[in-house]
Structures are given as C-alpha cells and as structure tokens.
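For reference, the structure discussed in these notes is given below.
The sequence lines fix the lettering, A, B, ..., with proteins before strands; numbering per chain opens at 1. Heavy-atom basis, side chains included; hydrogens, waters and symmetry copies ignored.
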Amino acid sequence: MIQALNSALDSAMERDPKVLVYGEDVGYFGGVFRVTAGLQKKYGKTRCFDAPIAEGGIIGTAIGMGVYGLRPVVEIQFADYIYPGFDQLVSEAARLRYRSAGGFTAPITVRTPCGGGIFGGQTHSQSPEGIFTHVCGLTTVMPSNPQDAKGLLLACIEDDDPVIFLEPKRIYNGPFDGHHDRPLTPWSKHALGEVDEGYYTVPLGKANRVRAGDQVTVLCYGTMVHVCLAAAEEQKIDAEIIDLRSLLPIDLDAIVESVKKTGRCVVVHEATKTCGYGAELVALVQEHCFYHLEAPIERVTGWDTPYPHAYEWDYFPGPKRVGVALKKVMES
Amino acid sequence: MIQALNSALDSAMERDPKVLVYGEDVGYFGGVFRVTAGLQKKYGKTRCFDAPIAEGGIIGTAIGMGVYGLRPVVEIQFADYIYPGFDQLVSEAARLRYRSAGGFTAPITVRTPCGGGIFGGQTHSQSPEGIFTHVCGLTTVMPSNPQDAKGLLLACIEDDDPVIFLEPKRIYNGPFDGHHDRPLTPWSKHALGEVDEGYYTVPLGKANRVRAGDQVTVLCYGTMVHVCLAAAEEQKIDAEIIDLRSLLPIDLDAIVESVKKTGRCVVVHEATKTCGYGAELVALVQEHCFYHLEAPIERVTGWDTPYPHAYEWDYFPGPKRVGVALKKVMES
Amino acid sequence: MNKKSLQLHIPEPKCRPGDKVDFSDLKIPPAGKVSRPEINVGAGEIRDHAYDLIRVLDDKGKAVGPWNPKLDPDFLRSGLRHMMLTREFDERMVKQQRVGKTSFYIKSTGEEAIAVASAMAMHKDDMCFPSYRQQGLLIARGCPLVRLMNQIFSNKMDPVKGRQLPIMYSEPDYGFFSISGNLATQLPQAVGWAMASAYSGDKRIAAGYVGDGASAEADFHYALTFATVYQAPVVIHISNNQWAISTFQGMAGGEHATFAARAIGYGLPGLRVDGNDFLACYAASKWASDRARNNHGATVIEHFTYRAAAHSTSDDPSAYRPADEWKNWPLGDPIERLKQHLIVIGEWDDKRHEKLQKELEAHVVEQLKEASSYGTLGNPPPDDPGSMFEDVLKEMPGRLIAQREEMLKLRAMKDE
Amino acid sequence: MNKKSLQLHIPEPKCRPGDKVDFSDLKIPPAGKVSRPEINVGAGEIRDHAYDLIRVLDDKGKAVGPWNPKLDPDFLRSGLRHMMLTREFDERMVKQQRVGKTSFYIKSTGEEAIAVASAMAMHKDDMCFPSYRQQGLLIARGCPLVRLMNQIFSNKMDPVKGRQLPIMYSEPDYGFFSISGNLATQLPQAVGWAMASAYSGDKRIAAGYVGDGASAEADFHYALTFATVYQAPVVIHISNNQWAISTFQGMAGGEHATFAARAIGYGLPGLRVDGNDFLACYAASKWASDRARNNHGATVIEHFTYRAAAHSTSDDPSAYRPADEWKNWPLGDPIERLKQHLIVIGEWDDKRHEKLQKELEAHVVEQLKEASSYGTLGNPPPDDPGSMFEDVLKEMPGRLIAQREEMLKLRAMKDE
Ligand SMILES: Cc1ncc(C[n+]2csc(CCOP(=O)(O)OP(=O)(O)O)c2C)c(N)n1
Ligand SMILES: Cc1ncc(C[n+]2csc(CCOP(=O)(O)OP(=O)(O)O)c2C)c(N)n1
Ligand SMILES: [Mg+2]
Ligand SMILES: [Mg+2]
C-alpha cells in the first residue's frame with residue numbers, strides 16, 4: 001500500500017504543479033513509513049520537503065497555501081500527533097469556505113497513519129476518525145487496500161475541500177486479518193494489491209461491497225475489512241461486507257439497501273466504542289431500516305481504553321470477536 | 001446560574017486551599033460572564049488570577065498543578081476556543097492516570113460556556129461535547145439549572161480525574177425554552193433557580209427525570225431540557241423527559257428503564273447531528289431496548305453546519321422542531 | 001540552601017480604576033534617533049531595534065531622522081483621509097449597535113495608523129491576514145463602506161450571507177482574508193500563503209496582524225518558526241495596544257521584554273515602532289515589505305500603541321482600567337499627529353480638515369443609508385435560510401440537502 | 001519594484017551521506033571565556049550568553065573559568081559513574097531489542113552529561129518533566145535499573161503494567177514524570193508544577209527537557225510564556241543534539257539563531273552550554289536551579305551536543321547523515337572528557353576506569369538477569385489482561401466493567 005500511496009502522490013505531482021508535499025521527515029528521508037520516498041529527488045526540494053515538528057504549523061501553513069491556490073498534501077507522522085493541529089483543522093480549514101461564503105477555500109489533504117497492531121503503544125496506535133466525522137466541513141477517508149488507496153488519495157487531492165486521509169498502518173504491507181500469529185500475505189499476492197498505472201480516482205462517498213451475502217450486513221473500513229472477511233469465512237456466515245472507504249461523505253444508500261435485504265447489521269471499527277463513528281452508523285441504520293431490523297445492531301470496536309502495549313492483541317478487535325458478534329446477531 | 005457557579009467556586013475555595021481558579025479575564029475582572037466575580041478580592045491574587053491567551057498553556061499548566069497536588073479549576077472563555085488545548089486534554093490529561101498506572105493524575109476541572117442563541121456567530125455558539133465524550137479518561141458534564149450547576153461543579157472539582165464542565169450560556173440568566181420572541185423568565189422565578197447555601201454535590205452519572213410520562217422518552221441536557229419541556233407541554237404529549245446532567249459517566253439504567261416503559265425515544269441536543277453525542281444515545285438505546293422499541297429513535301439536533309449568525313433561530317433546535325419529532329415518533 | 005519559600009508572581013498593571021494614570025515608566029525615546037539599516041541586513045545585526053522605538057514625527061510635528069519616508073503631501077493627505085474615515089466609520093457603527101441595528105461591533109480608535117500605513121506600504125495585490133481590528137486595511141484599499149456595513153447588518157447584501165458575527169469581514173477582491181473568531185490562527189496561514197507565493201516564483205508578499213494578547217497563542221510560535229525556517233516573504237504586525245480584554249500586555253509576557261524581541265529568538269528582525277506615528281508605521285512596514293519582496297525573509301513589527309476604545313461593544317473598560325488613560329497616552333493620537341505634521345509643512349489647515357471631516361461624515365451617512373436600505377440585523381428577517389446549508393462543502397452532500405428540506409418544511413408550518 | 005521573483009528557501013544540512021564531514025563553521029569558543037553573572041541578574045543584562053558557549057573543561061581536561069563549579073572528586077567520580085552506567089545500560093538494552101526481547105529502545109549516547117549533570121545540580125525532591133532521552137536522570141537519582149528494564153520488557157513487574165511503549169518510564173518516587181509519546185507536552189506541565197510549588201510556598205523547583213526539534217511545538221511557546229508571566233521556578237533544558245529524526249536543527253529554526261536565544265524574547269535568561277562538558281552542564285544547571293529556587297524565575301538552557309546513536313531502534317541514520325559525524329564532533333565525548341579531567345587532577349586512572357566499567361557491566365547483567373526472570377515482551381505473554389481496563393478513571397465506570405467482562409469471556413473461549 002505504501003507504493004500505491006507513493007504512486008498516487010507521484011501521479012498528482014506529475015499532473016498538477018500546484019500539488020506539493022511536506023511534513024516531518026518526508027523530504028530527503030522520504031517519510032518514516034517511506035510513503036514520500038523519491039519524491040524530493042524527482043520533483044525538487046521545494047515540492048517535497050521536511051517541516052518543523054509543529055503539526056499546527058504544518059496544517060496552518062497548508063491552509064494558507066490552499067488559500068493562495070495550491071493543493072498541499074501534508075503528512076502528520078502519526079494520527080496520534082494530529083491534535084496540535086486540531087484547531088487549525090476544525091476552526092479554520094473546516095469553516096473557511098462557509099464563513100467566507102466561498103470567497104476562500106482550503107483544498108488541503110492531510111495524510112496520516114492510524115491504527116494499531118504494531119506494538120506502538122498508546123501514542124502510535126490511535127484511530128481518531130470519530131472526532132473528525134463530527135466536524136462539518138471535513139471529508140474523512142480510510143482505504144483498505146492499495147488499489148483504493150491510490151484512487152482515493154488522488155480523489156482527495158482533487159477535492160476542493162479539506163480532507164483527512166487516514167492510512168491504517170497495519171495494512172501498509174499486506175491485508176492483515178487480525179491473525180497476528182500467522183504470516184502476513186504481502187499485497188503482491190492480493191487481488192487489490194495490484195495498482196493501476198498512472199492517474200485514476202476512486203470516487204469519495206461510494207462504498208465497496210467486498211463480500212456479498214444475505215444474512216447480515218457488516219459495516220467496516222480500513223484494517224477491519226480484512227478482519228471481517230476472515231471472520232465471515234471462519235464462521236461460514238453468509239455476511240455481506242461493506243467497505244465504506246469514505247466515512248464522510250457516507251454512502252447511505254449502499255448501507256440501507258444492504259441492511260434492508262439482510263435485516264441484521266454489525267458495525268466494526270478499531271477506534272474506541274463510545275461516541276465512535278460506529279455510533280453514527282448504528283443511529284443511521286436504525287433511523288432508515290428500523291422496520292427491517294430483526295436483531296439489535298452490534299458494535300465491535302476497540303475497548304474504551306488507550307491502546308495498551310503489552311495487551312495489544314486483547315485490545316485489537318480481531319476475527320474471533322467479530323465472529324462472536326456475527327453469531328450473536330444471527331441467533332437473536 | 002452565574003451566581004450558582006460563582007457560589008460553587010466560592011464554596012470549593014473556602015473548603016480546600018488546593019483549589020485555585022484561573023483563565024482569561026477571570027481574575028481582576030471576574031470573567032466575561034462574571035462567573036468568577038469577587039473571587040480574587042476574597043481569596044487573593046494567587047488563588048484567582050488572569051492567564052495569557054493560550055488555551056493549551058492554561059490546560060497544560062493546570063495538568064502540572066494537578067500533578068503537584070492542587071485542584072485547578074480553569075476557564076476557557078468560550079467552548080469554541082478550547083481546541084488549542086485539545087492536545088493537552090486528549091493526549092495528556094485523559095491518559096495520564098492510565099499511562100502512569102496511577103502514579104500521576106490530573107484532577108482538573110475545565111469550565112467553558114457553550115451553546116448558541118446569543119447571536120454569537122459560529123465561534124461563540126458551539127457545543128463540542130461530542131468530541132470529548134469519545135475520549136476515554138475524560139468526564140463530561142453539562143448542567144441545565146442553577147441548583148444542579150452548583151452541585152455538579154462541586155462534584156467535578158472533587159473528582160480525581162479531568163472533567164470538562166460545559167455551561168450552556170443561553171441559560172445563564174434563565175430557563176430559556178427556545179421561544180426567543182418571548183420574555184425570558186429569570187431563574188429567581190424558577191423552582192431550581194433557588195440554590196442551596198454552602199457546600200453540596202450532585203453526583204456525576206445520575207440523570208434527573210424532570211418530567212414523568214408514559215408515551216415517549218426524551219433524552220436531553222443543558223438548554224435543551226427547557227426546550228423539550230416546552231415542546232411536551234405545547235404538544236400535550238405524555239413524554240418522560242430525562243436530563244442526563246453528566247454525559248460521561250452516563251446513567252444508562254435511567255435511560256433503559258424509561259425507554260423500556262415508553263417504547264419510544266427522542267434524542268435532543270444543540271450540537272451538530274453527525275457523530276454527535278446523540279448518535280451514542282441512539283446506539284445505546286437500540287442495543288439495550290431493541291425489543292421494546294415501537295418506533296425509530298428520532299434525533300433532533302443542530303444542523304450539520306456552523307452556527308449561522310443571521311439564521312440563528314432557524315438553526316437552534318427549538319420547541320417546534322422537538323414537537324414535530326415527538327408527534328412523529330408517537331404516530332409511527 | 002535558601003531560607004525563603006517560593007512565591008507565585010501575578011502581573012498587575014500599574015493603574016486600575018480610581019488610580020491616577022501614570023505612564024512615567026514608559027521610556028519614549030526622541031524621534032529620529034533610531035538608525036535605519038539596509039533591507040538586507042542580517043537580523044543578528046539589529047537586535048537592539050527590538051528594544052528601541054522607531055519614531056519619525058517629533059513633538060512639533062516635524063518629520064526627522066533616517067526613517068523619514070519623505071512622502072509626498074498628496075500621499076500623506078490620503079493617509080490622513082483613510083484614518084479619519086476609519087474613525088468616523090467606527091463612531092457611526094457603534095451607534096448602530098447601540099440602537100440594535102447590529103449585535104456587535106469593534107472599533108480601532110487610536111490604532112488607525114497601523115492598518116492604514118501598512119496597507120499603503122504594501123502593493124494592492126499583497127495579501128493581508130488581519131485580526132478584527134484592521135478595518136483600516138479595507139478602507140485604505142478602497143473597499144466600499146457599504147460592503148462592510150452589509151456584513152455588519154447581516155442584511156440581504158451581506159457578502160458572507162449573514163453567516164458571520166459582525167465585523168468578521170472577508171474580502172478576496174481587496175486582498176483581505178476572512179477574519180477568524182479564533183485568535184492568531186491567521187498567522188501561520190499568512191506564512192503559508194507567503195511560502196506558496198515564493199514556491200510559485202510570484203512577487204506578492206503577505207502580511208499578518210495580531211494583538212499583544214493573542215501573541216501568547218500557539219499559532220504565533222508556529223508562524224515565526226515557519227517564517228524563519230523557509231524565509232517566507234511575510235510581515236508579522238503585532239499591535240501592542242497595551243490591553244487584551246481586561247488584561248494588560250504584561251499578562252502576555254510584556255513585563256520583561258518587548259513583543260518585537262520575540263523575533264530575536266527566531267533569527268528574524270524585530271522592529272519596534274511608535275504605532276501612533278503614521279510616518280513611522282509606514283516606514284517600518286515599507287522596510288519590512290521591501291525586505292520580504294527581495295527575498296530577505298520575514299520581519300516582525302511591534303506597533304506600540306493604545307486601545308482607546310472598549311475592547312468591543314460587549315466590553316466596559318471602566319471596570320478594569322482608568323477611564324482617562326487614553327487622554328494621557330504619551331504617544332498621542334495618530335490622526336492629530338499626522339494632521340499637525342501636514343500643517344507644519346504647510347500642506348494642510350484646520351479649515352480643510354473640518355471640510356474633510358464633514359465630507360467623510362456625509363460619505364458614511366450616505367453609505368449607511370444605502371446599507372440600511374438592504375436591511376439591518378433581523379429587520380427584515382433574512383429571507384434565505386436555505387443558504388445556511390451552502391458552502392459547508394463545495395457540493396452539498398446528501399445529508400445537508402435532506403436537512404435543508406426538513407428545515408424549510410418546518411419553517412413553512414405555521415406555529416400552533 | 002524588484003525584478004527578481006521570490007524563491008522558497010528549504011534548509012539543508014551541510015553534510016549528507018557520502019559527503020565528507022565538515023563542522024568547520026561551528027564556532028567553538030575557548031573554555032573559561034564566558035562570564036558568570038549573579039543568579040539574580042536581570043535577563044536583559046545577559047542576552048549575549050544565549051549566543052556564547054559556556055565551557056569549563058579545556059582541551060587538556062583542565063577546569064577553567066568562572067563557571068568552574070569546583071566540585072569535589074568523589075562527586076565528579078559519581079557523575080562519571082552515572083554517565084558510564086547510562087551508556088552501558090543503553091548498549092545492553094539495544095541488544096535486547098535486537099533479539100526481540102522488547103519492541104523498541106532509545107539511546108542517549110553522547111548526551112549523558114545533560115541528564116546526569118542536571119540531576120546532580122538539583123535536589124532529589126525537585127520534579128523532572130523529561131523527554132524520552134533523559135534516562136540519565138533516573139540513573140543519577142538511583143532508580144534501580146531493574147525497574148526500567150521491567151518497563152522496557154512490559155513484564156509482570158512493569159511499573160506501568162505493560163501499558164506503555166518501552167522507555168516511556170513513569171517514576172513518581174524518583175521525581176520523574178510519566179514520559180509522553182507526544183513531544184513537548186511536558187513543558188507547560190513542568191511550568192504548571194513549578195507554579196503550584198510557588199503558589200504553595202514550597203521550596204521545590206521543576207525542570208523540563210525538550211529536544212531541538214520539539215522546540216517547534218506549541219507547548220514550547222506556552223511554557224516560556226507562562227514561565228515568564230508568573231516567574232515560575234522552573235528550568236527548561238533544550239538538548240540541541242543537531243538532529244530530530246532525519247531533520248537537522250536548522251529545520252527547527254536553528255539556521256539563524258541559537259535555541260538559547262528563544263529565551264530572550266520572553267525576557268528569560270538563555271544560557272548556551274557545551275553539552276558534552278559535564279562541568280559546564282552542571283554549573284549552568286546549578287545556576288539556573290539556584291536562580292529559580294531563590295524566586296528569580298525561570299531559565300532556558302541550550303545544551304549544545306550531538307545525537308551519537310540512531311534516533312531510536314526504528315531509525316537508520318545512515319540514510320540521512322554521514323556515519324562518522326559523531327567521531328568528528330568537535331566537542332568530543334562527555335564521558336571521555338570527564339575521565340580525562342579526573343586523570344588530569346590526579347583523581348583517576350585507566351585501571352580504575354576499566355575496573356569501574358567492568359563493575360557496571362556486571363551490575364547491568366545482574367539487573368538484566370533479574371528483569372528477564374520476570375519475563376520479556378510476550379514471553380511469557382502478560383497474564384493480567386483485565387488490568388487493561390484499570391486506571392482509565394479512578395473508579396471503573398459501568399461500561400468498562402462490562403467491556404472487561406466481555407473481553408475475559410472472549411479470552412476464555414478456545415478458538416475454533
Ligand atoms: C482562541 C481564542 N481565545 C480567546 C478568545 C476571546 N478573545 C477575543 S479578543 C480577546 C483579546 C485579544 O487581545 P489582543 O490580542 O491584545 O487584541 P486586541 O483586542 O487588543 O486588538 C480574547 C481573549 C478568542 N477570540 N479566541
Ligand atoms: C507531537 C509529536 N509529533 C511528532 C512525533 C514523532 N517524533 C518522535 S521523536 C521526533 C523527533 C524529535 O527530535 P528532537 O526534539 O530534536 O529530540 P531528540 O530525538 O533529538 O532527542 C519526532 C518527529 C511525536 N512523538 N510527537
Ligand atoms: Mg491588545
Ligand atoms: Mg534533537
């Protein structure tokens with residue numbers, strides 16, 4: 001997925017001189033996860049460069065560049081470190097078009113790795129999507145595979161409003177399904193690991209049905225897509241699994257259509273449960289599918305605690321937990 | 001309610017020398033909403049003082065004071081301006097006890113006025129509770145009347161963990177019910193406007209049933225409590241209205257008991273809808289009361305836009321909107 | 001090792017209500033004293049400028065010293081005109097707030113020179129990232145007052161569609177960035193805009209404005225850090241008007257250093273200027289703009305001035321400072337001082353001044369008449385509530401379309 | 001007005017991999033040259049100290065000049081011992097990470113003097129708010145290595161119950177604040193703790209530590225602002241080790257000013273110190289601590305040093321800097337220099353040094369043995385997962401009790 005993201009940035013920069021890339025360690029070094037590797041060499045020091053360790057400054061200057069007319073793509077080294085830039089995102093980027101009645105806009109893309117499973121402890125494992133999806137004016141996207149990652153990132157860079165692009169770092173190298181005790185299949189051996197050459201976009205707001213089924217609808221995104229696929233296979237449950245891809249805008253039609261068909265729903269994410277994005281999914285499903293629901297909607301999420309280093313695999317919502325939830329909704 | 005909050009701070013300072021109060025304009029001047037008026041005169045310059053305009057610094061230093069052993073109560077002038085302190089709240093205050101296994105704690109209280117209805121525009125009207133209730137380690141409280149405000153604030157100051165205490169500024173002077181075209185009854189003429197003398201606490205996590213009813217349960221807090229009461233009266237609907245008072249910890253028992261009785265539920269808050277605290281309420285109710293629900297749970301909230309200055313009353317979820325929702329759930 | 005125990009220091013202004021005003025400990029150097037370096041000077045060579053005070057107009061109104069910009073009288077007269085118009089506009093709009101035609105207003109009285117002079121020292125297409133007290137920028141750049149009034153009244157011609165608190169202008173055509181309610185956020189944005197201009201090989205520079213109090217915000221630090229690291233073509237103006245709301249500049253760190261001195265630690269030039277001296281404000285702004293435009297990087301300018309009016313119409317300064325501080329402000333009134341200068345050089349007199357004042361009053365009245373004809377706050381009530389859902393995003397998402405429908409349906413229902 | 005168009009400046013270090021190392025433009029003043037003011041000196045009187053470099057040990061290992069703390073040989077030997085133990089500990093723990101006994105480690109090689117000397121210059125009950133590179137503080141304060149190792153191994157004796165990334169120590173009993181993964185957040189907390197101490201009429205002071213790179217964070221500005229406003233009894237140590245991760249100190253604003261100079265704009269004293277000179281680090285830290293303890297407020301100290309090792313075990317510096325920079329670092333190795341000094345004054349010799357080295361190695365091995373007996377990361381797997389739900393809040397709320405139950409039930413189920 002790293003190569004896919006790198007290829008997306010490469011295509012965007014090749015195509016549009018207004019696209020530039022910066023962030024902590026992204027320039028000469030190419031990023032701690034190597035997503036920007038080679039871009040400075042190819043496009044020069046002023047198009048892909050390092051930044052001071054100041055997330056609020058990175059996002060604040062990016063907004064100013066967007067106002068000027070550029071399309072900055074900035075990296076926040078870990079999603080856990082995006083909070084110093086929260087004010088610039090929420091009070092400025094998200095509201096600028098509105099408060100200026102369209103006179104000024106901030107077409108910026110903020111890339112940041114999220115999620116756990118790498119023994120990063122509580123400050124290298126967070127999934128903060130839920131605090132961004134509560135902020136009107138922000139678009140929030142999380143890919144689950146290289147093919148989507150490239151197309152979605154290009155769509156985000158094209159987008160004329162600010163976007164939070166969350167990269168589940170646990171699937172940078174392969175479709176991790178939660179079985180941490182088994183070897184990881186590399187993306188090269190995965191259908192969606194093959195990334196199209198050149199420029200293409202995957203539209204924002206279109207979910208992807210990654211598995212068709214009739215008995216229960218599973219709503220998920222990012223790493224959890226692979227966990228849910230594994231759980232469905234292992235439990236041999238006829239589950240329809242929907243990879244949301246973009247959390248806002250949300251593909252409500254795809255969700256409603258599926259749940260009306262299956263009558264059951266499980267919502268899965270890695271972020272903490274209370275007031276997480278899953279709560280909104282549950283609320284929407286019960287608002288739109290109330291009379292079709294045959295069982296309570298189940299949430300499978302990270303626990304309401306920080307991400308504990310030593311107990312990572314007891315925290316991570318793996319296929320076993322998802323499987324239990326699937327059986328529960330099937331039986332009730 | 002201002003006097004009640006002032007009286008709470010007064011009682012806390014009188015009782016415990018470890019309690020001190022600071023924030024922007026809170027010292028000599030007594031706060032832009034006068035909540036800290038007279039405290040510097042009474043307790044001295046070093047117990048109630050002004051702070052630089054630096055919300056992150058205010059909260060960061062408060063954490064340090066908490067670590068030392070004090071119980072700082074800091075004011076953020078408007079909830080809309082709390083974001084520069086978001087990192088210190090989320091990454092530090094909320095996680096300190098956990099990451100130090102109880103070795104260090106941050107018993108701080110962050111007071112801040114929230115909500116609209118005062119023609120404050122989009123940066124003096126926000127209700128950000130939903131981003132705090134997603135953060136484990138934080139307690140989030142919002143009172144709806146003077147009697148509660150004093151007792152809850154004292155409970156928050158006593159609490160050994162960090163608390164976000166949100167004060168709906170629209171009800172500082174009286175139980176505003178959303179009828180902006182009618183004169184506001186002052187608290188002095190309201191049952192709960194009378195505040196007990198001296199020190200008392202209202203427990204965190206205990207909701208208050210402000211109106212008994214059998215047909216529908218209304219979950220609300222802050223200003224919306226009065227709006228919901230007005231709506232129920234006006235629509236002559238036998239609604240049970242629950243003032244949550246503290247959002248986290250949440251009084252799940254009170255909620256479940258009521259909804260199981262009424263079989264219907266409306267969730268009301270002033271904050272924007274998507275991924276707001278109401279989504280969690282809907283999720284919890286459908287998880288715990290699924291088989292008792294006779295109609296979809298309705299959400300009445302602020303629209304998913306910033307708070308528009310000139311269209312404030314089209315934005316504010318008033319009694320008319322709540323009434324329509326009540327009738328809708330009753331009829332479906 | 002020490003016997004005494006520690007004590008917490010809480011800064012206090014010298015005078016509070018009831019006290020006799022005392023500015024005796026302000027060191028005001030004579031005009032003309034401070035040297036004027038080349039625009040490409042190394043920041044390290046002019047550190048002392050951050051502690052000095054650049055002044056051009058002496059007590060008699062003569063322009064003296066190396067910073068004298070030697071401006072032509074017509075230019076000076078337009079500066080005077082812009083400042084007077086700004087003040088007249090402020091007076092009028094506060095009255096509108098008093099009579100309930102708007103909910104809020106903020107005056108810039110006593111600080112007109114800072115916005116007006118810096119605007120005149122820049123090119124028209126340079127970009128300004130203001131705080132809420134730089135209406136002088138718009139006036140100097142010729143933005144019709146009626147546009148500002150429409151915004152203040154949130155009427156049907158409001159350029160920002162009634163969405164913003166009064167005075168939160170946004171004027172792209174006048175190089176005036178959308179004012180934020182959140183203090184100091186505009187500074188890293190100004191630096192980013194300047195970085196973008198440099199990245200693009202453009203010639204335009206940016207200017208950011210912030211108050212003494214707001215300089216304590218994180219964004220001030222971010223802005224200076226990025227400005228020095230990337231040598232961004234930007235000028236950061238700090239208006240040190242002695243007060244935040246009720247707190248004096250010592251509460252922002254002004255007790256032990258000047259605000260211009262903040263620049264030093266970042267390796268940026270810091271100039272400290274008599275903010276009530278139009279010529280000094282112009283000269284310093286011009287120096288910094290030329291420096292930026294010639295690729296020598298950013299400058300921080302502290303304009304030393306005094307907030308003559310209340311913080312805003314929501315504020316009553318008599319609660320926290322002596323009422324007559326402004327009358328005793330040792331640096332005087334920027335309008336009076338420029339007027340005096342023009343008279344001294346024989347380019348102005350009281351009659352012309354009064355005539356101009358009358359003319360400006362008439363102009364404001366006439367603009368106010370037009371603006372009022374489009375409505376004032378709530379009168380008539382704005383009639384396009386659906387517009388509330390526009391511009392959240394470029395394309396309105398499904399959920400907002402649905403919410404707009406719901407809101408309009410609700411509105412159509414008559415109340416029972 | 002200017003013909004040329006603007007250009008964006010991107011700072012670049014002088015040498016990258018493959019380049020010949022060149023520190024020729026570092027100006028290293030001779031030892032003993034910098035004056036030592038009284039601890040109550042006004043910050044404005046010693047601004048130049050922020051651009052100078054306080055050095056006590058000269059090239060021959062003699063202690064010279066006014067900053068010579070004239071420490072007794074036993075004290076010096078314990079300083080040497082703490083630094084050597086810190087280095088040996090680092091070497092050992094990196095090996096543990098290599099063989100998979102832990103997931104992560106961070107060395108402080110080359111910077112041992114900063115933590116050790118500053119710890120020895122403070123009282124044992126003064127409070128430290130460290131970054132992740134001050135393990136020397138704990139070692140100088142006598143925290144048993146086995147406690148650190150237990151944390152690094154997340155084993156059953158881990159003081160923070162396996163919750164934190166390795167090296168994120170938290171040691172209340174040793175006045176060592178819980179290390180945060182978020183850079184610079186500890187600085188305003190240090191200032192707040194110091195404010196609380198002053199508020200309480202206490203005598204204890206605080207010390208905060210931050211790197212050159214992290215000084216760009218907002219919390220650095222907040223800390224210095226609050227420190228100067230309230231004259232907090234705190235010492236802010238900046239370890240300028242030339243590198244963040246892959247970015248050099250110029251990317252944090254070091255191209256045009258020193259980091260000590262940041263203090264100037266806040267009216268705080270800024271001292272710049274040879275960070276590889278134990279005596280200089282001690283003397284500066286002692287001066288600042290005495291200043292704080294005697295109610296003269298905060299000091300910023302830039303320790304000029306070099307990060308000899310990789311940023312962390314996740315980092316490979318050969319990708320962005322010449323491998324032999326450290327060997328050519330003009331300020332040498334803090335351990336070698338203190339050793340040489342002790343020899344020069346006749347209080348030490350190579351035999352004793354080797355003996356001590358062996359003794360420390362044995363001590364580390366023995367502590368490691370004990371720690372390993374409690375387990376290493378995942379071996380055995382930690383056996384109290386329920387504890388994951390503790391300490392989120394003082395009392396476990398209902399929803400966490402329920403989640404713990406669910407988790408334990410799940411764990412009990414055998415996998416199909
Ligand atoms: C982030 C933030 N915090 C607090 C406020 C409330 N506030 C508005 S203006 C002001 C005082 C600003 O003083 P200063 O920066 O000196 O500017 P001046 O009003 O003197 O021009 C305060 C505290 C705000 N608008 N934004
Ligand atoms: C808020 C935040 N942003 C980014 C990071 C990632 N990060 C960890 S260490 C580091 C470099 C810090 O360099 P410096 O401050 O010089 O300290 P040093 O490692 O040199 O001691 C970075 C960027 C972080 N931990 N926290
Ligand atoms: Mg001010
Ligand atoms: Mg460093």
For this session: Check whether any side-chain N or O of C:Tyr222 sits under 3.5 Å from a backbone N or O of A:Glu55 as a donor-acceptor pair, and report yes or no.
Result: no
Exercise. Does some side-chain heavy atom of C:Asp219 sit less than 4.5 Å from a side-chain heavy atom of A:Gln88?
Worked result: yes
For this session: Indicate yes or no for a side-chain donor-acceptor contact from C:Gln164 to the backbone of A:Ser100 under 3.5 Å, with no hydrogens or angles considered.
Result: no
For this session: Please look at A:Ala106 and chain C and tell me whether the side chain, the backbone, both or neither of the residue comes under 4.5 angstrom of a heavy atom of that chain.
Result: neither
Seminar exercise, completed: Scanning both residues in full, the closest heavy-atom pair of A:Ala101 with C:Val160 reads CB-CA, 3.7 Å
Exercise. Looking at C:Lys161, C:Met388, C:Glu390, which hits side-chain contact (heavy atoms from CB on, under 4.5 Å) with A:Tyr98?
Worked result: C:Met388
Exercise. Of C:Arg204, C:Met195, C:Met127, which meets side-chain contact (heavy atoms from CB on, under 4.5 Å) against A:Tyr68?
Worked result: C:Arg204
Exercise. Does the side chain of A:Ile250 reach to within under 4.5 Å of the side chain of C:Arg399, using non-hydrogen atoms?
Worked result: no
Exercise. Which region of C:Leu187, side chain (C-beta onward) or backbone (N, CA, C, O), has a non-hydrogen atom less than 4.5 Å from a non-hydrogen atom of chain A, or is it both or neither?
Worked result: neither
Exercise. Are side-chain heavy atoms of A:Glu92 and C:Ser180 found at a separation under 4.5 Å?
Worked result: yes
For this session: Select, from C:Pro397, C:Ala190, C:Ser200, the one with the greatest count of heavy-atom pairs under 4.5 Å involving chain A.
Result: C:Ser200
For this session: Check whether any side-chain N or O of A:Asp161 sits under 3.5 Å from a backbone N or O of C:Lys394 as a donor-acceptor pair, and report yes or no.
Result: yes
Problem set entry | Contact origin within C:Val392 toward chain A - heavy atom pairs under 4.5 Å | both
Exercise. What part of A:Asp159 lies closer than 4.5 angstrom to a heavy atom of chain C: side chain, backbone, both or neither?
Worked result: neither
For this session: Counting only heavy atoms closer than 4.5 Å, note whether C:Phe220 contacts chain A via side chain, backbone, both or neither.
Result: neither
Problem set entry | Heavy-atom contact with chain A under 4.5 Å, split by part of C:Tyr230 | side chain
